[in-house]
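To start, the structure itself, in structure tokens.
Basis for what follows: all heavy atoms, side chains included, without hydrogens, waters or symmetry-related copies.
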Amino acid sequence: MSNIKENLQTITASLTNGVKLIAVSKFQAISSLQEAYDAGQRRFGENRVQEMCQKQEFLPKDIEWHFIGHLQKNKIKYIVPFVSCIHSIDSIALLEEVNKEAEKVHRVLPCLLQVHIAQEQSKFGFSVEDCLAYLQSSAWKSLRHIRIDGLMGMATFTDCQEQVRKEFQTLRHCFEKAKKEVFPQDVHFCELSMGMSQDYSIAMEEGSTMVRIGTSLFGVRL
Ligand SMILES: *Cc1c(COP(=O)(O)O)cnc(C)c1O
């Protein structure tokens, strides 16, 4: 027996007003996504291009697909026609390439810049400094086929809640500084994608607007 419907209700009830749930369905069977869909879930997150494309073909068309994994340049074209938001823009070069592909299909694609806030070594994500410097440079303004809707980040995988909280605060301060100095009049730059199964309560306390939850909703991945 699957508990997806029950889990979804529990998680949804625990969300702060207005916080959006991205159901992270990577490695889950299509039947599990369908179950969440039937229970009312419409936003799904995937981290591999091929998997997202296959699932998108089989599932209802009113689903919002959010891409949350490292995106290789040569695969952008497969998701650009239908993806709702790319959370994981981790370099300027990638953003420019997404812009190019989005132009080909006449879209303006919502994107989030991924900021590296965790202690763990990772190749992916802007540093806080590089993120702010890029936004302040205004170089992105010439990219007419992307829209920067906010920032995304992942905290260190640790039981130390104070550390997780500090990292989320770092991301929020970066977001607020960008909002104030670069996007003061912008109605779209308003998303802060942070929080996973383990830490989404803390993330919401620290200002998250989108939580990306997999395991707590679908159970352990196949
Ligand atoms: C897998 C994943 C999640 C969800 O993680 P859970 O711990 O299963 O909730 C969230 N964000 C990203 C970027 C992921 O890769």
Revision key, fill the gap. With sequence neighbours left out, the residues meeting side chain to side chain contact (heavy atoms under 4.5 Å, CB included) with Arg42 are Tyr37, Asp62
Exercise for review: Taking atom CD of Gln161 as the centre, report whether more than 12 heavy atoms of other residues, nucleotides or ligands fall under 6.0 Å from it.
Suggested key: no
Review point. Do other residues, nucleotides or ligands put more than 12 heavy atoms under 6.0 Å from Lys180 NZ?
Key: no
**Study point:** Test side-chain hydrogen bond (donor to acceptor under 3.5 Å, both in side chains) applied to Arg107 - qualifying residues, sequence neighbours left out
**Key:** none
Review point. By side-chain hydrogen bond (donor to acceptor under 3.5 Å, both in side chains), which residues pair with Asp186, not counting sequence neighbours?
Key: none
Check your understanding: Can any side-chain N or O of Thr209 pair as donor or acceptor with the backbone N or O of Val19 at less than 3.5 Å?
Key -> no
Check your understanding: Does NZ in Lys179 sit with more than 12 non-hydrogen atoms of other residues, nucleotides or ligands closer than 6.0 Å?
Key -> yes
Practice item. Kindly check if the number of other-residue, nucleotide or ligand heavy atoms within 6.0 Å of CZ (Phe124) is above 12? Key: yes
Practice item. Spell out, as yes or no, whether a donor-acceptor pair under 3.5 Å connects the side chain of Gln41 to the backbone of Leu21. Key: yes
Practice item. If a pair satisfies side-chain hydrogen bond (donor to acceptor under 3.5 Å, both in side chains) and one of its residues is in residues 14-25, list it, with sequence neighbours excluded. Key: Ser14-Tyr200, Lys20-Glu191, Ser25-Glu46
Revision key, fill the gap. dist Leu109:CG -> Phe67:CZ (nearest 0.5 Å) comes out at 12.0 Å
Check your understanding: Should Leu95 and Tyr134 count as side-chain neighbours, where that means a heavy-atom distance under 4.5 Å?
Key -> yes
Review point. Parallel, tilted or perpendicular for Phe189 and Phe175, by the 30°/60° rule?
Key: parallel
**Study point:** side chain to side chain contact (heavy atoms under 4.5 Å, CB included) partner of Ile117, the single match among Gln169, Met152, Met194, Glu167
**Key:** Glu167
Review point. Below 4.5 Å, heavy atoms only, C-beta onward: do Ser216 and Ile11 meet side chain to side chain?
Key: yes
Exercise for review: Scan residues 76-87 for pairs that pass side-chain hydrogen bond (donor to acceptor under 3.5 Å, both in side chains), counting only residues two or more places apart or in two chains.
Suggested key: His66-His87, His87-Ser193
Study note, to complete from the structure: In this structure, SG of Cys174 is separated from CG of Leu132 (nearest 0.5 Å) by 4.0 Å
Point to revise | With sequence neighbours excluded, residues passing side-chain hydrogen bond (donor to acceptor under 3.5 Å, both in side chains) with Glu35 | key: Ser2
